[in-house]
Amino acid sequence: MNILAEIRSRFASVLSVYTDQPAQYLEMIRPVEDSRHGDYQANFAMKLAKLCNQNPRDLALAVAAKIELSDICAPPDVAGPGFINLRLSDGWLGTEINRMAADDREGVAPVVSPKTYVVDFSGPNVAKPMHVGHLRSTVIGDAICRILRFLGHQVLGDNHIGDWGTQFGMIIYGYKHFLNQAAFEQDAVLELARLYRFVNQLCDYHDLRALQPKLDKGLAEKLEEIDAAAAAPGDEKQKQKLQKKLTGELEVIREQIADSRKKLSTVESNPQVEALARQHPEIAVKSRLETAKLHGGDPENLKLWNQFVPACLDAIQGVYDRLNIHFDLSLGESYYQPQLAAVVADLKEKGLARESEGAMCVFIPGTETPFIVQKTDGAFTYATTDLATIKYRRQPLHADAMLYVVDTRQSEHFKMLFETARLWGYGAVEFKHVNFGTILGEDGKPYKTRSGDTVGLESLLDEAVGEALKVIESEELANGEDRPKLAADVKQRVAEIIGLGGIKYADLKHNRESDYKYSLKKMLAKEGDTATYMQYAYARVCGIFRKCDVERDVVRQSPDRIVLSHSKERNLAVQLARFGEILESAMSEYRPNILTDYLFQTANAFSSFYDECSVRDAETPELRASRLRLVDLTARVLARGLELLGIETIEQM
RNA sequence: GUCUCCAUAGCUCAAUUGGAUAGAGCGUCGGCCUCCGAAGCCGAAGGUUGCAGGUUCGACUCCUGCUGGGGACACCA
């Protein structure tokens, strides 16, 4: 059950005496941060006292006297200026924990009024291999789907694949001019990726060559500007400030030039590549033309597209299979293509879109930049596709809420998208940009390889699994004969689970809105707040059952009851009892880190219990039976919680 | 130039959205395996929450200014 919700509902009736808007005061009832104050605390007395013109402490005392919680808590305690502290009674806790143990959903009741959620996440481009940039969306989106679904909602995880964009023009151009037939027959996806990178490289090359004089000019101008600013009369402090700013800008230009030179020399140092670059001076324009032809229904390009897409999707699917991530829908951009003209026509008809500088735009009151739904050349944009998608998700999919698990840098786009959708008639839908920050390297800049390329997702996963394997082997060495050896294939499987779990957990444990520094060492470290810590706690429970020679199923079916006699047992029980409440609060702002945090604390409460309370050698048979049950429930909550994060558990590691 | 986000222990991050003495992990120092798995447990040191004001019973959180850093700013998604 949701303890917090229950306590709040008890307070609601008492508070109605003081105010007709109790909601904001009920919000101020929450779990304590410091366990010395009990288990839950109500902090509304100070605020409410002001409204009623009363002494806050008196008011707290009055409420505490009136509140009916004797079945759940010990008598409430009023502290400080008017905090009402609640401590769950051992009797109630015992009953609750036994109820949870007997329930195959660990006591988490499905929500009373389920909603239909469409969760848009991952969204890779089919033409390009997946890279680190896709990790957060994929992992966070998957966790949100799993949690919402477990809470009883109707959830449609939708992979809005980029399968219609400009990158296809590049691939088609590459296919027509640079194809290595043998390589294509051997591994089509690899060859297509190579073609994409190659065409991209040549486009960049020509762009940068054209840009070079401008950069040089910019550099010269900036230097002059700095000199002029230095010579100009004026306040010293202001001048210093200006100098600093200009020097900063100068640095940016210098970096651009250095970067550009590097890319140019990569091409020029290879005579073959340079020759090809010379032979294709218009490559960028012509690639765009190929895209336009594809969009216009050109049979040849459409045929190639139909040939490429399934192959690429297969490759992407391999990554999802490995990550154990599944979508309910995979409707890419191409799916909405036939509907885009109608979307624009409708927006025009409703007076929302109008022409500006040749493009069809929606202007949102209060924002200056337009939301472009059709470009000057007549092509539609991702804004148009997103609107068509919203329409589809509302009808026929009946979505009540649409979540977009997308990089925070796109927040401007989503702000305009949601506002446009509201004006367009979708005001009843809950739109939410579930934004997230960037994964950074050790240097604090977006995570790249040493040579400056983006890091492929698969190699990232391989690296983590490899590291996990190393850790397992070093542990095996350190433990000697103390533990049963894992068979080679089992070891590989365990490494896969620990490695991928490590990556996922490291991502999910950060507040999704923050950037974080990627550190393979830390997420697979032997000590600390890692997925391994929870997986280890789980494996230890399994170890207890092996040592006691009891089946977990048997314990679960038995009529034994959990009794809480030891303070470590109580701590663990309080922690377990909060599971349902945590899941709900994690979803109120779609923040999986609330769940990771909880699981860490739960595993910690277990480890602490494990250290002081023996299960096998418990003082009485009753206590042993009770602890077996408690420990089984702990393992179930840990496994369930990890499962909801997309992380697997193993019985031995 | 406009808008926007951020700054918390040596390092990496939390802080239930205004609550009590700001918490974890790593690192450092010190304890704990003849006892169910030490990938563990227990303890210590470590902070003027970038700076200066303000709002109030109460501020890491809200407001103003400053310093430093990221990001986004019409036809790429």
Side-chain angles (χ1 to χ4, degrees), chain A residues 4 27-28 30-34 36-37 41 43 46-47 49-50 56 79-83 85 123 125 162 164-167 241 333 356-361 367-377 379 381-383 385-386 407-413 437-438 440 444-445 471-472 474-475 478-479 482-484 498 509-511 513-517 519 521-522 524-530 532-533 535-537 539-548 581-582 585-586 588-589 591 593-594 597 600-601 603-604 607-618 627 631 652-653:
Chain A
L4 185 56
E27 293 267 305
M28 297 171 77
R30 52 182 58 144
V32 293
E33 218 156 313
D34 185 335
R36 278 172 301 187
H37 300 129
Q41 64 179 181
N43 302 330
M46 287 73 82
K47 187 137 263 169
K50 193 167 285 180
F83 296 105
N85 293 332
N125 278 316
W164 198 246
T166 42
Q167 75 275 17
K241 207 173 146 183
E333 293 169 340
S356 166
E357 296 179 27
M360 195 56 65
C361 308
T367 36
E368 270 185 44
T369 48
F371 198 50
I372 297 177
V373 291
Q374 191 170 17
K375 300 191 281 185
T376 317
D377 64 5
T381 70
Y382 75 134
T385 313
D386 280 351
D407 194 301
T408 203
R409 281 174 290 205
Q410 290 196 36
S411 43
E412 215 62 27
H413 167 72
T438 310
L440 308 172
K445 290 183 188 152
V471 174
I472 292 167
S474 82
E475 276 302 302
N479 288 312
D482 292 356
R483 274 188 230 171
I498 290 178
K509 78 175 226 181
H510 294 103
N511 184 324
E513 294 193 75
S514 317
D515 297 345
Y516 74 89
K517 289 189 183 171
S519 167
K521 279 271 170 290
K522 268 184 201 158
L524 291 169
K526 276 193 275 190
E527 286 90 28
D529 182 7
T530 62
T532 319
Y533 183 71
Q535 288 166 327
Y536 180 67
R540 290 222 281 192
V541 173
C542 297
I544 292 174
F545 279 87
R546 271 196 305 275
K547 274 278 168 9
C548 292
E581 160 195 321
I582 287 294
S585 79
S588 77
E589 286 289 331
R591 291 197 336 206
N593 69 311
I594 291 181
D597 206 51
F600 179 69
Q601 285 172 25
N604 187 238
S607 299
S608 189
F609 157 85
Y610 183 90
D611 206 53
E612 284 193 37
C613 306
S614 179
V615 177
R616 192 186 58 188
D617 303 326
R627 285 184 177 165
V631 140
Q652 283 188 63
M653 53 193 278

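Lettering follows sequence order; numbering is per chain, from 1.
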Grab the two heavy atoms, one from A/Asp377 and one from A/Ala379, that are nearest each other, plus how far apart they are.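 Nearest pair, atom of A/Asp377 first, then A/Ala379: OD1-N, 2.9 Å.
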
To the side chain of [X], which of [options] is closest?
X        : options                : answer
A/Arg30  : B/rU17, B/rG58, B/rC36 : B/rU17
A/Arg616 : B/rG19, B/rC35, B/rA14 : B/rC35
A/Val615 : B/rG40, B/rA15, B/rC36 : B/rC36
A/Lys547 : B/rA14, B/rC36, B/rA38 : B/rC36
A/Met653 : B/rC57, B/rA39, B/rC73 : B/rA39
A/Glu527 : B/rU17, B/rG40, B/rA20 : B/rG40
A/Lys47  : B/rG58, B/rC41, B/rU16 : B/rG58
A/Tyr516 : B/rA39, B/rC41, B/rC13 : B/rC13
A/Glu589 : B/rA20, B/rU17, B/rC42 : B/rU17
A/Ser614 : B/rA77, B/rC36, B/rA39 : B/rC36

Without decimals, in angstroms, what is the distance between [X] [atom1] and [N] [atom2]?
X        : N      : atom1 : atom2 : answer
A/Glu33  : B/rU16 : CD    : P     : 7 Å
A/Glu412 : B/rC3  : CD    : P     : 12 Å
A/Glu368 : B/rG1  : CD    : C1'   : 11 Å
A/Glu612 : B/rC41 : CD    : P     : 12 Å
A/Glu27  : B/rU16 : CD    : C1'   : 11 Å
A/Lys517 : B/rG25 : NZ    : P     : 21 Å
A/His37  : B/rU21 : NE2   : C1'   : 8 Å
A/Asp597 : B/rU12 : CG    : C1'   : 15 Å

Side chain of A/Arg591, backbone of A/Asn511: donor and acceptor closer than 3.5 Å?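 No, the answer is negative, given that no donor and acceptor are paired below the 3.5 Å cut-off.
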
Donor-acceptor check, side chain of A/Asp515 to backbone of A/Thr438, threshold 3.5 angstrom: yes or no?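 Yes, A/Asp515 side chain to A/Thr438 backbone: donor-acceptor pair under 3.5 Å.
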
A/Gln41 or A/Asn125: which one's nearest nucleotide on RNA chain B is closer to the 5' end?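 Result: A/Gln41.
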
Name the residue closer to the 5' end of RNA chain B, choosing between A/Lys522 and A/Gln652 according to the nucleotide with the nearest heavy atom.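 Nearer the 5' end of the strand: A/Lys522.
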
Ignoring backbone atoms, test whether [X] places a side-chain nitrogen or oxygen under 4.0 Å from the OP1 or OP2 oxygen of [N].
X        : N      : result
A/Asn511 : B/rA15 : yes
A/Ser608 : B/rC42 : yes
A/Asn604 : B/rC41 : yes
A/Lys50  : B/rC57 : yes
A/Arg540 : B/rA38 : yes
A/Thr166 : B/rA77 : no
A/Tyr533 : B/rC41 : yes

Is it the case that [N] (base atoms only) and [X] (side chain only) share a donor and an acceptor within less than 3.5 Å, ignoring hydrogens and angles?
X        : N      : answer
A/Tyr536 : B/rA39 : no
A/Gln535 : B/rA39 : no
A/Arg409 : B/rU4  : no
A/Asn85  : B/rA20 : yes

State, with a plain yes or no, whether a side-chain heavy atom of A/Cys361 is found less than 4.5 Å away from one of A/Ser356.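 When only atoms from C-beta onward are counted, A/Ser356 and A/Cys361 do touch, with a gap below 4.5 Å.
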
Treating a pair as Watson-Crick (purine N1 to pyrimidine N3 plus N6-O4 or O6-N4) or G-U wobble (N1-O2 and O6-N3) with both distances under 3.5 Å, list the stems of 3 or more consecutive pairs that involve RNA chain B.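 If one scans RNA chain B for consecutive Watson-Crick or G-U pairs, the stems found are B:1-7 with B:67-73, B:10-13 with B:23-26, B:28-32 with B:40-44, B:50-54 with B:62-66.
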
Relative to the ring of A/His413, is the ring of A/Phe371 parallel (under 30°), tilted (30 to 60°) or perpendicular (over 60°)?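 Ring orientation of A/Phe371 relative to A/His413: tilted.
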
Look at the rings of A/His510 and A/Tyr516 and say which category their plane angle falls in: under 30° parallel, 30 to 60° tilted, over 60° perpendicular.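 Ring orientation, 0 to 90° scale: parallel.
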
Under 5.5 Å between ring centres and under 30° between planes: true for A/Phe600 and the base of B/rA24?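 Not stacked: fails the 5.5 Å / 30° test.
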
Considering only nitrogen or oxygen atoms on both sides, find all protein atoms under 3.5 Å from nucleotides 6-10 of chain B and state each distance.
none

